[in-house]
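What you see is a predicted model; the values in this text were computed from it and never measured. Residue numbers count from 1 along this sequence.
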Amino acid sequence: MTPPDYPSHLQPVPDSGTSAAPALPGPEESGTPGLTPPLHRGHSRGYVTDVLVELGFSSPELVSAAVDNARNAGRTPESLLLEQGTVNEEQLSRATAERYGLDHVDLNVYNVDVAAAALFPVTMARRYMAVPVGYMDQHTLLVAAADPANVLAVDDIQIATGLDCHIAVAAKADVEALLSRLGTLQSAAAEAIITEEDSEEVGDAGLAQVSDMQPSADDAPVIKLVYSILAQAVAEGASDVHLEPEEGELRIRLRVDGVLKESAHVPKRMIGAVISRLKIMSELDIAEKRVPQDGRVSVAVEERRIDLRVTTLPTQRGEGATIRILDESNAQRSLDELGMEGSARARFEDAFGQAYGAVLVTGPTGSGKSTTLYAALGALNEITKKIITIEDPVEYRIEGVNQMNVNRKAGLDFATGLRSILRADPDIVMVGEIRDAETARIAIEAALTGHMMLTTLHTNDAPGAIARLTEMGIETFLTASAVDCVVAQRLARKLCSACKRRTIIPVAALTQAGVGAATEVEGYEPVGCPRCGHGGYSGRVGLYSVMSLSDRLKEMTIARAAETEIAAVARQEGMLTLREDGITKVRSGQTSLEEVLRVTA
């Protein structure tokens, strides 16, 4: 009999011909984390209890006693061994996989594809204890099953999905946990869908419930698939969902803690339906596929309001989409939670606590600038102060703050909105971003006429903001008079507190990183565990470089000193660079040196 062809990451381990208890191959040997091929493929190996002994999971005496007792008790020997604690469910599932010559999948490690899982109803999957967890190829599902001998499960999955099944054995408890999570995700994502117009009509009364948009058992699989993808993204704390058309599938990636990771693959035949569903939810034109479109929709997930900004993009391989997830709970962060500490924190608080002036926060897109400004607004938000913001768009709603959306179609841009705001008697103004010379001029003038101005600017570091304003046509004496403080920032991934490991960073590594050090430094490095998805990181922390404009720096600004000269003086006056602030967070165990180098390169 000719053995079947398997993908390269599932090649069977050659049979050595010995009866000695072999060592099970680890996940790294299979090529796919969590998926392990059997030691013997394609032929029976007796009873599962025999394999338990052969793999060294139990002694022959204990197995023999369990077999004898099982006859009298009317139960299987395996269930008795589990009950006695002789073996655990993971060991039993590995032995079962060996018995049938099947792959073993560890669902604590394997990256489950929610798109595949959504193809089969959770209720039926619970009945069979079998659930699709990924794709072997375009026509074959990888199915995790607690009982691989259940042929009805395979038949029903193949009929329901129209795809072939490749069975892998998983521990029953792991399958149950996965099904429970999938069921929770699907129901949570479908609790409420409301459009922006609905939100305005409802006001403070609560979220509008649109019952006909909630998936039921009779709904098309694509609706459940979209809900599952969104709910998984929210559950994992993703900031963006990328739906990218490829040659034969739709690849779905999540940006978690600033890093993209693959989440799911949607078969080619479902791509159009998935994109259309997103368009319907965000009230876009489903017939228009030639130009990009932007929309917005709000959902309620586990009693939390989540706003989604949907952007569709026509690409060479088909229409794709990007979803920005705006979780209001992330907006209300204090400076303590953001990681701003020490002298940087003191300088920033002193600057935005003034009666007037300008505070600039700089950095690339996605570096957390708006979140930092929201933290400042939270500290300033009092009944005695009127705060008005103009943003593009308003990402998070803050109680007690008057927030305005840019609407270019109606002629409302930053400059126009800012002029109107200044006539509304504000104490504090936040401008989402200075993008042009007119907005910069109005903001600087407002800071000089008794308003506290908080805004963002796109520059790589704090000293670069001075040169950027000059390039926009702002007179240097106005910049020197108005600007009190410039904050540059980046977001670095935080080390997982459950698995991070102490390490020694040699002087050579610190020197290469551009940080002068006479001795090696104690720090921490990522390891990886189930709690952090085996990535070693969980959450993010800010790296900050805060430059206060002293009298000397103001004089240099007026004299149009070079950016490098301003930076040198600022460092003499106590400003830490982003990388130096990162090293302090490495030493305190908040992040790793590799992560600091990545975000400050």
Side-chain angles (χ1 to χ4, degrees), residues 237 239 257-258 329-354 357-381 387 389 395-396 398 401 428 430 432-433 452-465 483-495 497 515 523-524 537-550 553 567 570-571 573-593 595-596 598-600:
S239 60
D257 295 336
S329 63
N330 292 333
Q332 306 302 320
R333 299 283 186 90
S334 67
L335 294 175
D336 288 330
E337 293 174 293
L338 296 178
M340 188 177 287
E341 305 164 344
S343 61
R345 167 81 169 269
R347 292 180 177 200
F348 183 49
E349 289 181 328
D350 181 65
F352 71 67
Q354 301 294 320
V359 175
L360 309 179
V361 180
T362 72
T365 301
S367 60
K369 300 186 297 295
S370 295
T371 304
T372 298
L373 289 182
Y374 282 136
L377 290 180
L380 293 169
N381 193 5
I387 304 175
T389 75
E395 294 189 353
Y396 303 108
I398 304 177
V401 175
I428 300 162
M430 186 187 105
E433 182 184 346
M452 170 50 59
M453 179 65 58
L454 306 175
T455 187
T456 70
L457 199 63
H458 280 290
T459 62
N460 290 327
D461 55 17
V483 177
D484 291 322
C485 175
V486 183
V487 180
Q489 73 174 74
R490 300 291 188 276
L491 290 178
R493 290 181 294 171
K494 290 178 67 175
L495 287 168
S497 59
V515 179
Y524 291 80
Y537 298 94
S538 179
R540 288 196 282 182
V541 64
L543 309 183
Y544 297 95
S545 175
V546 182
M547 181 181 76
S548 296
L549 265 71
S550 62
L553 287 176
R571 293 192 65 185
E573 295 180 352
M575 181 191 79
L576 293 177
T577 65
L578 289 167
R579 189 161 288 185
E580 288 169 342
D581 186 51
I583 293 298
T584 64
K585 290 180 168 66
V586 171
R587 297 184 65 182
S588 64
Q590 296 182 66
T591 188
S592 67
L593 178 62
E595 183 66 8
V596 170
R598 182 183 71 85
V599 300
T600 60

| message | Please check: side-chain N/O of Glu349 versus main-chain N/O of Ala346, any donor-acceptor pairing under 3.5 Å? | response | no

| So, do Leu454 and Leu380 sit near enough that their side-chain heavy atoms are less than 4.5 Å apart? | yes

| Contact check, side chains of Val546 and Met575, non-hydrogen atoms, under 4.5 Å | no

| said: Between Lys585 (side chain only) and Leu543 (backbone N and O only), is there a donor and an acceptor less than 3.5 Å apart? | reply: no

| message | Any donor-acceptor pair under 3.5 Å linking the side-chain atoms of Ser588 with those of Tyr524? | response | no

| message | Do Tyr537 and Ser592 have side chains that approach each other closer than 4.5 Å (heavy atoms only, starting at C-beta)? | response | yes

| said: With a 3.5 Å distance limit and no angle check, can you tell me whether Lys369 reaches the backbone of Val487 through a side-chain donor-acceptor pair? | reply: no

| message | How about CG on Asn381, more than 12 heavy atoms from neighbouring residues, nucleotides or ligands closer than 6.0 Å, or not? | response | yes

| said: Donor-acceptor check, side chain of Thr459 to backbone of Asp461, threshold 3.5 angstrom: yes or no? | reply: yes

| Ignoring hydrogens and geometry, is there a side-chain-to-backbone donor-acceptor pair from Gln354 to Asp350 under 3.5 Å? | yes

| task | Measure from the side-chain N and O atoms of Thr591 to the backbone N and O of Arg493, and report whether any donor-acceptor pair falls under 3.5 Å. | result | yes

| said: Would you say that Tyr544 contacts Leu578 through its side chain, given a criterion of any heavy-atom pair below 4.5 Å between the two side chains? | reply: no

| task | Check whether any side-chain heavy atom of Met430 lies under 4.5 Å from a side-chain heavy atom of Val401, and answer yes or no. | result | no

| request: Using atom types as modelled and distance alone, determine if a side-chain donor or acceptor of Asp257 lies under 3.5 Å from a backbone N or O of Gly539. | output: yes

| query | Closest approach of Leu457 and Leu360, non-hydrogen atoms and distance? | reply | CD2-CD1, 4.4 Å

| Closest non-hydrogen atom pair between Gln590 and Glu341, with its separation | NE2-OE2, 3.5 Å

| query | Quick one: are Arg540 and Glu595 in side-chain contact, heavy atoms under 4.5 Å? | reply | no

| field | No-hydrogen, no-angle side-chain donor-acceptor test under 3.5 Å, Ser367 and Arg490 | value | no

| said: Testing the 3.5 Å rule here: is there a donor-acceptor pair between the side chains of Thr372 and Gln489? | reply: yes

| NZ/NE/NH1/NH2 to OD/OE distance under 4.0 Å, Arg571 and Glu580 | yes

| Taking the side chain as C-beta and beyond, is there a heavy-atom pair between Phe352 and Leu377 under 4.5 Å? | no

| field | Any donor-acceptor pair under 3.5 Å from Thr456 side chain to Gly432 backbone | value | yes

| Taking His458 for the side chain and Gly363 for the main chain, is one N or O donor matched with an acceptor at less than 3.5 Å? | yes

| Between Gly357 and Asp484, which heavy-atom pair has the shortest distance, and what is it? | CA-OD2, 3.4 Å

